[in-house]
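To start, the structure itself, in structure tokens.
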Amino acid sequence: MFQIVKKEQLNSAVTRMEVEAPFIAKKAKAGQFIIFRIDSHGERVPLTIADTDAQRGTVTIIFQAVGRSTKMLAQMNEGDFLADFVGPLGKATELEGYKRACVIGGGVGNAIAYPSAKALYNMDCEVDVIAGFRSKDIVILEDDFKKVCNHLYITTDDGTYGEKGFVTNKLQELIDAGNQYDLVIAIGPIPMMKFVSKVTEPYGIKTLVSLNPIMIDGTGMCGGCRVSVGGEIKFACVDGPDFDGHLVDYDELMKRNTFYKEQERHDAEHCRLLNQTV
Amino acid sequence: MPNMAPKKVPMPEQEPDVRNHNFEEVAQGYTEKMAVEEATRCLNCKNKPCVSGCPVNVRIPEFIAKVAEGNFAEAYKIVTSTNALPAICGRVCPQENQCEGKCVRGIKGEPVAIGRLERFVADWYMANCTEKAKRPQSNGHKVAIIGAGPAGLSCAGSLAQKGFEVTIFEAFHTAGGVLVYGIPEFRLPKEKVVAKEIEKLKELGVNIMTDMVMGKVLSIDELFDEMGFEAVFVGTGAGLPNFMKIPGEDLLGVYSANEYLTRINLMKAYQEGYDTPISHCDDIAVVGGGNVAMDAARCAKRMGAKNVYIVYRRSMDELPARAEEVHHAMEEGIEFRLLTNPVQILGDENGVVRAIECVKMELGEPDASGRRRPVPVEGSNFEIPVESVIMSIGTSPNPLIRSTTPGLEANRHGCLVADDHAATTREGVFAGGDAVTGAATVILAMGAGKTAAESIEQYILSKQN
Ligand SMILES: Cc1cc2nc3c(=O)[nH]c(=O)nc-3n(C[C@H](O)[C@H](O)[C@H](O)COP(=O)(O)OP(=O)(O)OC[C@H]3O[C@@H](n4cnc5c(N)ncnc54)[C@H](O)[C@@H]3O)c2cc1C
Ligand SMILES: Cc1cc2nc3c(=O)[nH]c(=O)nc-3n(C[C@H](O)[C@H](O)[C@H](O)COP(=O)(O)OP(=O)(O)OC[C@H]3O[C@@H](n4cnc5c(N)ncnc54)[C@H](O)[C@@H]3O)c2cc1C
Ligand code: SF4
Ligand code: SF4
Ligand code: FES
């Protein structure tokens with residue numbers, strides 16, 4: 001059992017939690033993830049490790065309530081226990097040796113991008129962050145990012161906060177202005193990662209994206225997390241979740257992730273914890 | 001005078017058309033009367049050929065004699081003196097190739113139903129004796145076990161009985177390995193059998209830590225250097241699914257058998273009240289011919305599929321699955337497309353499986369395995385319309401441990417190298433089960449766990465002197 005020791009609402013749909021998991025806290029590196037299960041009847045759901053505190057033995061997760069399991073998790077409070085919390089899974093992002101990086105997050109993807117920005121910054125890399133959101137009311141992590149980058153650019157699709165436009169526009173602008181990135185990290189909705197990769201491809205800038213296929217075990221034993229990268233089948237949970245953005249088959253991933261949509265929609269309408277329709 | 005009936009006392013079973021709609025156990029077990037009757041078929045042979053067929057040398061004629069006398073408690077003691085998990089082995093051992101394959105009664109009729117009797121004895125004991133296992137006095141030595149499958153569980157049990165302080169580290173949220181995530185409920189009940197066996201280990205003092213993916217959360221070096229373990233047993237199984245690398249395996253609706261079975265067995269996708277989703281469809285092809293393929297096919301039927309096809313490239317004679325499973329699968333209406341090999345999986349405009357394209361095979365010269373090699377018949381391609389394909393063509397060991405443990409060697413198939421005493425190439429590290437042999441059987445994994453326990457005991461005690 002793993003206790004939730006801190007809970008904070010970042011916006012109406014995104015929650016930050018600190019969970020007591022000392023073994024994981026000691027080991028986790030940027031880019032790795034955990035799998036949680038609410039209770040004995042829950043499904044196994046992956047979430048990125050947003051931060052750790054080895055001293056206190058806690059792991060921070062930041063998640064968006066999108067379906068049944070994440071909605072139930074958002075209902076839980078400080079002091080409650082999760083049945084399972086496994087990790088650190090996946091490969092750590094390779095961040096050694098870069099001088100100038102641009103870390104790009106889209107929506108809740110910013111939570112996944114944050115630890116990479118922090119790790120790069122602590123390794124004396126010059127870090128620009130482009131944090132993109134649909135609108136002002138869902139902006140998250142602004143203060144956190146400020147502490148771990150040289151420049152923070154916030155964009156909103158509707159222009160209600162920061163600069164109006166998509167993260168890809170901002171990236172193009174920064175490249176055009178002469179910024180010589182040797183690494184771009186893009187994490188967010190699949191189309192966003194696809195288009196960021198399209199922007200960087202002509203310049204040959206190394207681009208890492210973090211893929212989020214549906215997973216079960218997270219240890220390589222089911223193959224449910226298969227993704228096509230450079231024409232090869234990879235298991236995202238053990239070979240990733242980071243991959244070369246220029247080699248990923250995004251369209252296939254998009255299809256895979258909607259496979260259980262019908263069933264999940266039906267399930268999401270009924271919350272087991274509250275025992276009511278939500 | 002022994003009972004000379006040529007056939008085994010029949011096993012009470014759910015009717016095929018009933019059971020292929022539920023997940024209750026197919027074989028319901030002998031009654032006391034049936035067990036005694038079957039036990040009297042044993043000739044109590046002096047040279048005990050049956051025992052030589054059993055990988056853990058269960059004292060077969062002795063326990064059967066006790067069953068015949070109606071002394072089931074004593075029979076249980078005899079069985080468990082060499083086999084820690086009889087309720088499981090009695091259900092899943094491929095007896096026809098092991099103990100029963102060697103039984104002299106099998107020459108002129110059916111062999112003695114050794115597996116069924118073993119199961120009966122274990123079930124009887126669980127139902128009638130509730131006394132708790134006694135926790136032995138600790139000898140102060142700590143041993144770590146990685147993986148809670150049959151290999152790890154049996155190693156833990158043997159060591160705990162001798163007073164070692166044993167901790168099992170298991171990656172999944174439940175202990176049991178393939179017993180809980182692979183073999184379905186209708187062949188091996190999880191609560192009634194597997195969980196009870198594991199409970200007994202806990203009574204012996206075995207500490208089980210789930211949610212621990214070793215190699216990630218802790219390394220073997222840390223177990224030795226920081227946590228004070230004196231020896232480590234690796235029983236991590238062979239859980240990595242193989243794919244055929246044919247076109248279309250990335251389509252939606254293509255599962256590995258591991259994923260399909262895990263969703264159903266471990267995550268209980270078939271039961272109301274569990275959150276795990278699974279696809280339901282009318283037509284499913286399962287590629288492969290082993291136990292895993294039979295289990296996947298029979299699960300698919302129970303999940304409501306109308307047509308379930310086993311697609312296997314060799315013939316009936318080469319099917320590697322247990323005879324009983326093949327027989328049960330046929331009774332349940334699974335269709336066997338033998339001498340048939342998939343060449344590609346075809347999808348619709350949404351990327352969802354619509355058919356599997358196969359080619360007919362014929363048997364040629366024997367290959368390295370001694371089985372006749374299947375060769376494709378030119379131009380015999382045809383399609384089977386299906387909405388889902390389950391790939392069940394074997395698994396290989398997970399590289400997590402070997403890639404994070406310096407000095408631990410594996411062969412080119414990824415199997416850990418271990419000698420006859422289960423010692424690996426790294427001092428203090430022992431290994432057994434599927435992680436060493438590749439996918440094999442429950443009883444071989446248990447036997448390896450037991451051997452390793454003896455080696456670990458010797459290793460630790462010799463170091464002390
Ligand atoms: C390695 C990894 C790291 C992740 N890190 C984070 C994180 O830090 N924060 C966060 O908010 N989310 C993260 N995700 C996504 C998160 O796992 C999904 O949002 C979650 O599985 C949804 O579960 P649910 O039961 O709440 O919703 P469901 O009811 O399962 O699904 C709701 C909707 O989301 C879709 N969906 C289901 N699973 C996924 C998935 N894995 N990715 C994308 N869409 C999915 C469904 O098709 C459906 O449309 C991560 C995913 C992976 C694989
Ligand atoms: C569907 C199916 C049906 C089968 N039917 C039969 C049958 O009828 N009869 C028969 O005799 N055999 C059968 N088998 C084969 C048999 O189940 C296996 O040979 C046996 O379970 C192997 O035991 P094991 O302990 O070596 O490994 P496993 O049972 O695979 O257990 C390994 C355990 O280690 C854990 N693990 C792996 N990596 C790590 C890690 N890094 N850290 C922590 N834990 C880890 C796994 O989660 C798992 O719990 C079947 C197998 C399958 C898949
Ligand atoms: S353990 Fe298996 S092989 Fe040995 S006697 Fe029992 S059923 Fe037969
Ligand atoms: S070989 Fe058969 S008949 Fe002989 S002792 Fe063994 S089980 Fe009994
Ligand atoms: S989640 Fe099962 S193999 Fe990746």
Side-chain angles (χ1 to χ4, degrees), chain A residues 1-2 21 23-24 26-28 32 34-45 67-69 72 83-91 214 216-228 232-233 235 238 249 251-256 258-264 266-268 272, chain B residues 169-174 181-182 209-219 222 226 236-243 245 249-263 266-269 271-280 347 350-352 391 395-396 398-400 403:
Chain A
M1 297 292 261
F2 300 81
F23 287 117
I24 306 175
K26 232 176 103 185
K27 265 291 168 63
Q32 291 188 297
I34 56 93
I35 285 183
F36 77 86
R37 213 167 57 119
I38 297 233
D39 58 19
S40 61
H41 288 56
E43 50 184 345
R44 296 170 64 98
V45 180
R68 182 173 181 126
S69 301
M72 278 198 273
D84 300 283
F85 200 78
V86 198
L89 300 169
K91 285 197 177 134
I214 292 167
I216 304 184
D217 57 299
T219 63
M221 62 74 68
C222 75
C225 63
R226 304 200 288 294
V227 288
S228 297
E232 275 181 66
I233 291 187
F235 290 5
V238 284
D249 184 341
D251 298 340
E252 179 190 303
L253 177 62
M254 209 123 54
K255 284 182 195 152
R256 286 196 90 80
T258 53
F259 194 43
Y260 293 109
K261 220 168 192 156
E262 276 308 308
Q263 238 183 91
E264 299 282 15
H266 173 80
D267 283 354
R272 183 150 42 75
Chain B
F169 297 93
E170 165 57 44
F172 259 129
H173 55 256
T174 312
Y181 79 70
M209 290 183 73
T210 50
D211 292 338
M212 297 293 276
V213 181
M214 303 304 279
K216 285 285 180 193
V217 68
L218 287 173
S219 66
E222 285 167 308
E226 291 170 28
T236 45
L240 287 200
N242 299 339
F243 286 88
K245 302 201 161 67
E249 274 180 313
D250 50 357
L251 291 168
L252 298 175
V254 180
Y255 289 92
S256 72
N258 266 3
E259 179 181 357
Y260 191 73
L261 289 169
T262 300
R263 282 182 182 274
L266 184 69
M267 310 297 294
K268 308 265 188 269
Q271 268 179 18
E272 275 295 316
Y274 283 81
D275 295 344
T276 305
I278 190 137
S279 73
H280 295 266
N350 297 318
V352 180
M391 285 293 168
T395 52
S396 33
N398 195 317
L400 259 183
S403 64

Can you tell me which portion of F235(A) sits under 4.5 Å from chain B's heavy atoms? Options are side chain, backbone, both or neither.
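For F235(A), the side chain is the part near chain B, not the backbone.
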Which atoms of T219(A) come close to chain B, meaning under 4.5 Å heavy atom to heavy atom: side chain ones, backbone ones, both, or neither?
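Both parts, heavy atoms under 4.5 Å.
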First locate atom [atom1] of [X], then atom [atom2] of [Y], and finally report the distance between them rounded to the nearest 0.5 Å.
X       : Y       : atom1 : atom2 : result
T174(B) : D84(A)  : OG1   : CG    : 7.5 Å
K27(A)  : E222(B) : NZ    : CD    : 3.5 Å
F172(B) : R37(A)  : CZ    : CZ    : 10.0 Å
M1(A)   : D211(B) : CE    : CG    : 11.0 Å
E232(A) : K245(B) : CD    : NZ    : 9.0 Å
D217(A) : N258(B) : CG    : CG    : 8.0 Å

Using a cut-off of under 4.5 Å on heavy-atom pairs, state which of S228(A), G87(A), A21(A) scores highest against chain B.
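Among S228(A), G87(A), A21(A), the one with the most close pairs to chain B is G87(A).
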Using a cut-off of under 4.5 Å for heavy-atom pairs, which of A28(A), P88(A), G90(A) has the most such pairs with chain B?
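Looking at each option in turn, the highest pair count goes to P88(A).
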Just so I know, are the side chains of R226(A) and D250(B) near enough to count as touching, which here means a heavy-atom distance under 4.5 Å?
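They are not in side-chain contact.
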Contact between V86(A) and H173(B) at the side-chain level, heavy atoms closer than 4.5 Å - yes or no?
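Heavy-atom side-chain distance check fails, nothing below 4.5 Å.
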Using heavy-atom distances under 4.5 Å, tell me whether L261(B) contacts chain A through its side chain, its backbone, both, or neither.
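L261(B) has no heavy atom closer than 4.5 Å to chain A.
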Please classify the contact between M209(B) and chain A as side chain, backbone, both or neither, with a heavy-atom cut-off of under 4.5 Å.
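The side chain, not the backbone.
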Closest heavy-atom pair and its distance - G220(A), P241(B):
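Nearest pair, atom of G220(A) first, then P241(B): O-CD, 3.6 Å.
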